[in-house]
Number of protein chains: 2
Amino acid sequence: MSLPRAKLTKNFPGCPVEATLSYLDGKWKGVILFHLMDGTLRFNELRRKLPAVTQRMLTKQLRELEGSGLVSRTVYPVVPPRVEYALTPLGDTLKPVIRALAAWGEEYVFCRPEGHELRDPSCAPAALQA
Amino acid sequence: MSLPRAKLTKNFPGCPVEATLSYLDGKWKGVILFHLMDGTLRFNELRRKLPAVTQRMLTKQLRELEGSGLVSRTVYPVVPPRVEYALTPLGDTLKPVIRALAAWGEEYVFCRPEGHELRDPSCAPAALQA
DNA sequence: CGGAATCCATGGAGATACTG
DNA sequence: CAGTATCTCCATGGATTCCG
């Protein structure tokens, strides 16, 4: 995707970090993208991988990711319904970013100090939840 | 910081991506960290760099970053008060992540499709705000 | 200068129930 | 299977005022 390069810096009126975070905003976008990095997933497959998320929220987050152009939604007109979610080409470009987020999380989540709470407790290994 | 490595994967009960995002959660953490990557800043210096953020929110976000162990707050007992914010060693480890977020934002923010809104309009160059 | 305190509007997000 | 539809509640965040 060789598109015109934006010239955003923190001195420019606009912050590229916040721009990217705006795509990951919301409670479950990160995990969803993380899982979709491995390939296409159906709605309930995704649900099973995110035990703590409600159906409503999963739908909502997926719709937002679709609206952002990061995720594609393919409906197969069969019974029972079959809907598949996958990363779009734009979504693919986020992979290095997701990997960077994952790498830091793996490395430093155990450093979590008293003051810091995880957004979703189920997002921490059992050893940390006590 | 060679600490015990967590073994979080998306198969493990806990997602390293969400863990990292939990540190960046909130409306202004990303930009704040981005600016602090260049060095120590005083409260009002930070304010000037983030025209759209209210005083209350800046304080709040800084307190949370402090609580998370990413940012240090140093008060100099002088009049007028002087308070300096800087990245902690843990905060420094986030630099590659912030850089990844910034790189993607610079590259793809112009791809922003109809469906996607930036969290803060002032976070986009004027050309995009129309 | 660098906040704290208060009030208030919005909507993000949970729980539950229903459907093509 | 893959969603809507409501109802509700609470946290987020804006605006404003006051303070050492």
So, does [X] get its side chain near the phosphate of [N], meaning an N or O under 4.0 Å from OP1 or OP2?
| X | N | result |
| --- | --- | --- |
| A:R47 | D:dG3 | no |
| A:R73 | D:dA2 | no |
| A:R48 | D:dA2 | no |
| A:Y85 | D:dC1 | no |

Would you indicate whether the side-chain heavy atoms of B:V17 and A:L24 approach each other to under 4.5 Å?
no
Heavy-atom side-chain proximity of A:L33 to A:L65 below 4.5 angstrom:
yes
Suppose we screen for side chain to side chain donor-acceptor pair (under 3.5 Å). Which residues come up paired with B:E84, at least two apart in sequence or across chains?
B:Y76, B:R82
Just jot down the side chain to side chain donor-acceptor pair (under 3.5 Å) partners of A:R73, sequence neighbours excluded, or say none.
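So A:R73 forms a side chain to side chain donor-acceptor pair (under 3.5 Å) with A:Y85.
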Quantified as the angle between the terminal helix axes (five pairs each), what is the overall bend of the helix from C:dC1-D:dG20 to C:dG20-D:dC1 to 10 degrees?
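Inter-axis angle at the ends, rounded: 60°.
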For [X] and [N], what is the distance between atoms [atom1] and [atom2] respectively, to the nearest whole Å?
| X | N | atom1 | atom2 | answer |
| --- | --- | --- | --- | --- |
| A:L41 | D:dC1 | CG | P | 15 Å |
| A:E45 | D:dA2 | CD | C1' | 13 Å |
| B:L58 | C:dG3 | CG | C1' | 10 Å |
| A:L46 | D:dC1 | CG | C1' | 14 Å |
| A:F43 | D:dA2 | CZ | P | 8 Å |
| A:R63 | C:dA13 | CZ | C1' | 17 Å |
| B:D25 | C:dG12 | CG | P | 13 Å |

What does A:Y76 touch in the nucleic acid at a heavy-atom separation under 4.0 angstrom: a base, only the sugar-phosphate, or nothing?
nothing
Generate the contact string for nucleotides 6-20 of chain D. Rules: B means base contact, S means sugar-phosphate contact only, - means no protein heavy atom under 4.0 Å.
B------BBB----B
Smallest separation among heavy atoms of A:F34 and B:C15, with atom names
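Closest approach of A:F34 to B:C15: CD2-SG, 3.6 Å.
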What closest approach, in Å, do B:E45 and B:T40 show between heavy atoms, and which atom pair accounts for it?
OE1-O, 4.4 Å
Return yes if some donor-acceptor pair links the side-chain N/O of B:T20 with the main-chain N/O of A:G105 below 3.5 Å, else return no.
yes
Which side-chain N or O atoms in residues 50-60 of chain B pair as donor and acceptor under 3.5 Å with protein atoms at least two apart or in another chain?
{"from": "B:T54", "atom 1": "OG1", "to": "B:M57", "atom 2": "N", "distance (Å)": "3.2"}
{"from": "B:T59", "atom 1": "OG1", "to": "B:Q55", "atom 2": "O", "distance (Å)": "3.0"}

Pick from A:V31, A:D38, A:I32: which one makes a side chain to side chain contact (heavy atoms under 4.5 Å, CB included) with A:H35?
A:V31
